[in-house]
Amino acid sequence: EIAPSDWSSDVCSSDLYIIGGDDPTALTEITVVTSDTRETLLENGSVDAVFATYTITPARAEKITFAGPYYSSGQAVLVRADNTQITGVDTLAGHKVAVQSNSSSGPALDKAAPEAQQVQFEAHTDCVAALEAGQVEAYVVDHSLLLSTVQGNDKLKIVGKPFTEDPYGIGLPKGSDAQAFVNTFLTTIESDGTWDAIWKATIGTVLGENEELQRSEERRVGKECRS
C-alpha cells in the first residue's frame, strides 16, 4: 500500500535507489495491499517489505518487524465541506464515522470518541467515496492521508487537529535481518537532506512553507525500532 501523498512511495524509491543504482525498479515487484492484508502478506512471504502509512503498534510488532520510524502523523477527521456540526473528534458522538478495517483508526476512535458509530470499509478510497456519497458523516484516518485527499477536492475538509501521535514504520517479516540496513538507510536520508527533499515535494506542498519547516523538525521521529 502506497500513501496517496506519495510520501511513503518516495521513501521507498530512495531505498531502492541505494540498493539498485540507476534502475532500482528492476529489482522490485509492487504488490498492492490493504490494512487487512499487510501483516498476512509479510507473514506468508508474499512480500518482503511494506512501505505505507503503517503505524507502529505493539500488536503489529508481535507479528512482524518494523524498521524506523521515519515520520509521525496522527489520526484526524475529514467531513464534507458543508458540514458545520462536526468540528473535531470531540463532536463525533452519535455520528456515523468511516474507518478502514484492521487499521489503527478504529481503536483510536474508540478511545477518543466512544459514542461515535463506526462504519468499516476495506480501503481508503472506499471511505472517501462513502463520505462523499453521504453514507457516513465523517472519516477518521492518518492526517497525512487526509492532506492529500483534500488537495484539489473542495467537497471535503479536515476539521480539528490530529488527536493521536502515530509513528510510521516500514514493515518487514518477523525477525528480518534487513531491519538494520533499513534503519541505516533512514538515518542516511535524514542526514544527507533527502528526507527534507521528499517532504517538500509531497506533504510540504499541502502544508505550505512555514508549517512545512515546523513539521519537518517537530514531526520527524528519530528513535529506531528494535525487535
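What you see is a predicted model, and the numbers here were worked out from it, not measured in a lab.
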task: Please test Leu172 against Asp48 for side-chain contact (heavy atoms from CB on, under 4.5 Å), starting from the C-alpha separation and ending with a verdict.
output: CA-CA 6 Å; Leu172 303 168; Asp48 298 308; over 6 Å; no
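- Within the 3.5 Å criterion, the main-chain N or O of Ile86 finds a donor-acceptor partner in the side chain of Asn83.
- In plain terms, the two heavy atoms of Pro107 and Ser103 that are nearest each other are CD-O, 3.4 Å.
- Side-chain contact between Ser104 and Gln75 is present, with heavy atoms from C-beta onward closer than 4.5 Å.
- Annotation for Gly68 and Asn183: closest pair N-OD1, 2.7 Å, computed over non-hydrogen atoms.
- Between the Asp126 side chain and the Ala123 main chain, a donor and an acceptor come within less than 3.5 Å of each other.
- Under the 3.5 Å distance criterion, the side-chain polar atoms of Glu190 are left unmatched by any main-chain donor or acceptor of Trp195.
- Contact between Val89 and Ala112 at its shortest, heavy atoms only, is CG2-CB, 3.7 Å.
- At least one donor-acceptor pair under 3.5 Å links the side chain of Glu137 to the backbone N or O of Lys96.
- For Arg60 and Phe66, the positive end is not near the middle of the six-membered ring at less than 6.0 Å and at most 45° from its axis.
- Cluster membership check: Val99 does not share its hydrophobic cluster with Val136, using side-chain heavy-atom separations under 4.5 Å among Ile, Leu, Val, Met, Phe, Trp and Tyr.
- A donor-acceptor contact shorter than 3.5 Å is absent between the side chain of Arg80 and the backbone of Lys155.
- For the pair Glu43 and Lys63, the minimum side-chain heavy-atom distance is below 4.5 Å.
- Hydrophobic clustering (ILVMFWY, side-chain heavy atoms < 4.5 Å, transitive): Val150 and Val159 are in distinct clusters.
- Contact check for Leu92 versus Val140: side-chain heavy atoms found under the 4.5 Å cut-off.
- For the 3.5 Å distance criterion, the side chains of Thr34 and Asp36 fail to qualify, holding no donor opposite an acceptor.
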message: Is there a side-chain contact (heavy atoms from CB on, under 4.5 Å) between Lys111 and Thr164? Walk through the geometry before answering.
response: CA-CA 10 Å; Lys111 184 176 181 179; Thr164 64; over 6 Å; no
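- Residues Leu109 and Val128 are members of separate hydrophobic clusters, defined by side-chain heavy-atom contacts under 4.5 angstrom among Ile, Leu, Val, Met, Phe, Trp and Tyr.
- None of Asp166, Ile64, Ile170 except one satisfies the side-chain contact (heavy atoms from CB on, under 4.5 Å) rule with Tyr54; the exception is Ile64.
- Residue Ser35 comes nearest to Gln100 through the heavy atom pair OG-OE1, 3.3 Å, listed as atom of the first residue, atom of the second, then distance.
- Clustering ILVMFWY residues whenever any of their side-chain heavy atoms sit less than 4.5 angstrom apart, transitively, puts Phe121 in the very cluster that holds Leu146.
- Atom CG of residue Leu78 and atom CG of residue Leu131 lie 5.5 Å apart, to the nearest 0.5 angstrom.
- The side chain to side chain donor-acceptor pair (under 3.5 Å) test applied to Ser46 returns Asn44, not counting sequence neighbours.
- At a threshold of 4.5 Å between side-chain heavy atoms, the hydrophobic network of Ile, Leu, Val, Met, Phe, Trp and Tyr places Val119 and Val77 in two separate groups.
- A pairwise comparison of heavy atoms in Glu165 and Ser72 identifies OE2-OG, 2.7 Å as the closest pair.
- Residue His143 holds its NE2 atom at 13.5 Å from OG1 of Thr53, rounded to the nearest 0.5 Å.
- When every heavy atom of Ser105 is checked against every heavy atom of Val141, the shortest pair comes out as OG-CA, 3.5 Å.
- Ring centers of Tyr168 and Tyr71: under 6.0 Å apart, within the cut-off.
- Judged by distance alone, with hydrogens and angles left aside, the side-chain atoms of Thr184 form a donor-acceptor pair with the main-chain N or O of Ala180 at under 3.5 Å.
- Contact annotation: the side chain of Asn102 never approaches that of Arg38 to less than 4.5 Å [non-hydrogen atoms, C-beta and beyond].
- Under the 4.5 Å side-chain criterion, counting only non-hydrogen atoms from C-beta, Gln85 is not in contact with Thr91.
- When atom types are taken as modelled, the side chain of Thr65 and the backbone of Ala61 share no donor-acceptor pair closer than 3.5 angstrom.
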